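Every heavy atom of this structure was used, including side-chain atoms; hydrogens, water molecules and symmetry mates were not. Being a predicted model, the structure only gives us computed values, none of them experimental. When a residue number appears, it is its place in the shown sequence, counting from 1. Note that ligands are numbered from 1 as they come in the structure, with each ligand's atoms numbered from 1 the same way.
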Amino acid sequence: MREAPSAAALAEGVLAGRRAVVARALTLVESSRADHRAVAHELLELLAPHTGQAIRVGISGVPGAGKSTFIDALGTRLIEQGHRVGVLAVDPSSSRSGGSILGDRTRMAALTASEDAFVRPSPSGCHLGGVARATREAMVVLEAAAFDVLIVETVGVGQSEVAVAGMVDTFLLLALARSGDQLQGIKRGILELADVIAVNKADGDNLGESRVTARELAIAMKLMFSEDDGAPPQVLTCSARTGDGLPEVWQAVLDHRNQLLASGQLQQRRLDQQKQWMWALVEDGLWRDFRDNPVLQQASPQIEQALAAGELGALEAAEQLLSLSRKRASTTPTADA
Ligand code: GDP
């Protein structure tokens, strides 16, 4: 990053919707450098009063479920209706493999080319907590820049779904028709998070099988939800390729959100999310303190080597690192000492 502009200058550009400034603000909130974090905090405080109104939707599904095709098609429709659409991704694999499943620039070609959309691939943070933190903060930036529909995409692998469900109003699961063991194909934990389910690729020869899958999923969801949980999630079919069923899926998302709004649950959900966010920030901060601790930086290559050479077990190695970090924390002078 070039020399950082002030938080006030960034906030002004973001609120005016200037794309280059929005991009810079996103890069800033993605950074974990201590000096960047300080400016980012100030920026987020300036932007926060201009947020809270956007429709926040999480979209999940296994690779190949059609997420990017779906978001491209849905987002384009929403823009035609006058919305401005921000798309973010939570994909912690981007840091491990060096290549993000959700970061490919050729995805979502129509949205990427639109002035009324902002598509941002997953930041390559070092762990899920860091990626989730950056994504939440990116949502604040995009919302302040007047993107009124925010879509957060993630892959159907588990922990990242939980993180995304913790930052959106409605969680949409894209499923696929499969013969035989279709219900085993989707993790139960992910089904439990879903507010709306859409069986995608319901077109051509696949149409009949998709409808059967949707019926079976609807029955499974009914069984999983008790009466106290309210209505079970709607299960629909759609085709991101032909556009069939997309308006109905969007309407189901809006219905879910309106229900939350009418019952006061939306406000409660967002308050709960603030609490989750606080703990996510603590987790991220602890991890950064740990990583930036010079004593650990010095000791960890040796400990890793000993582990690789089989001289230490993982348990013992982790314990050594943790006890070094505790020693350091307990010898750090406090402000009033
Ligand atoms: P992602 O990995 O979940 O983002 O999936 P993609 O959007 O990249 O889609 C994976 C493949 O499925 C691509 O070849 C798409 O063209 C195809 N695809 C996506 N949606 C549909 C659909 O509704 N119908 C059909 N027939 N193919 C689709």
Side-chain angles (χ1 to χ4, degrees), residues 57-79 85-114 117-124 131 135 149-161 163-165 168 170-179 182 185-187 190-191 193-215 217 234-253:
V57 187
I59 295 188
S60 170
V62 293
K67 295 178 295 300
S68 62
T69 312
F70 179 91
I71 294 169
D72 210 33
L74 176 70
T76 304
R77 294 182 76 94
L78 293 174
I79 288 170
V85 180
V87 182
L88 298 162
V90 170
D91 176 15
S93 69
S94 61
S95 54
R96 253 174 278 147
S97 60
S100 168
I101 306 174
L102 305 178
D104 182 350
R105 285 194 175 274
T106 59
R107 304 170 86 238
M108 301 180 213
L111 281 188
T112 307
S114 169
F118 206 109
V119 180
R120 187 81 171 176
S122 185
S124 43
V131 175
T135 306
V149 175
L150 296 183
I151 296 176
V152 187
E153 179 191 14
T154 189
V155 274
V157 289
Q159 276 312 306
S160 47
E161 270 66 25
V164 171
V168 297
T170 302
F171 194 81
L172 167 66
L173 175 68
L174 284 192
L176 289 176
R178 284 196 219 141
S179 52
Q182 61 262 55
I186 305 172
K187 293 198 182 80
I190 292 175
L191 282 178
L193 293 174
D195 298 308
V196 178
I197 300 177
V199 180
N200 189 35
K201 305 198 188 181
D203 48 43
D205 292 347
N206 220 5
L207 187 56
E209 190 60 44
S210 303
R211 288 189 177 146
V212 172
T213 302
R215 272 199 296 278
L217 277 170
Q234 286 195 58
V235 185
L236 303 99
T237 56
C238 69
S239 167
R241 181 170 285 175
T242 66
D244 286 346
L246 291 188
E248 288 79 3
V249 172
W250 183 244
Q251 190 55 49
V253 167

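- Of all atoms in ligand 1, listed by their number and element, those nearer than 4.0 Å to a heavy atom of D203 are 22 (C), 23 (O), 24 (N), 25 (C), 26 (N).
- Residue-to-ligand polar distances keep C238 apart from ligand 1: every N/O pair is separated by 3.5 Å or more.
- Annotation: A240 places an N or O atom under 3.5 Å from an N or O atom of ligand 1; distance criterion only.
- Close contacts of ligand 1 with P63, meaning ligand atoms under 4.0 Å from a residue heavy atom, involve 2 (O).
- T154 contributes a side-chain N or O that, together with a main-chain N or O of V90, makes up a donor-acceptor pair within less than 3.5 Å.
- The distance from ligand 1 to the heavy atoms of T69 drops below 4.0 Å at these ligand atoms: 6 (P), 7 (O), 9 (O), 15 (C), 19 (C), 20 (N).
- Between the side chain of K67 and the backbone N or O of V62, at least one donor-acceptor pair lies under 3.5 Å.
- Between the side chain of N200 and the backbone N or O of L174 there is no donor-acceptor pair closer than 3.5 Å.
- A search for side chain to side chain donor-acceptor pair (under 3.5 Å) contacts involving D72 returns nothing, not counting sequence neighbours.
- A donor-acceptor pair under 3.5 Å is formed between the side chain of D195 and the backbone N or O of F171.
- Listed by number with element, the atoms of ligand 1 under 4.0 angstrom from any heavy atom of V62 are 3 (O).
- Looking at G64 next to ligand 1, an N or O pair under 3.5 Å apart turns up.
- Annotation for ligand 1: atoms under 4.0 Å from non-hydrogen atoms of K67 are 1 (P), 2 (O), 3 (O), 4 (O), 5 (O), 7 (O).
- Under the side chain to side chain donor-acceptor pair (under 3.5 Å) criterion, T170 pairs with H256, sequence neighbours left out.
- Counting atoms of ligand 1 from 1 in the listed order, those under 4.0 Å from a heavy atom of S68 are 4 (O), 6 (P), 7 (O), 8 (O).
- Between the side chain of N206 and the backbone N or O of A177, no donor-acceptor pair lies under 3.5 Å.
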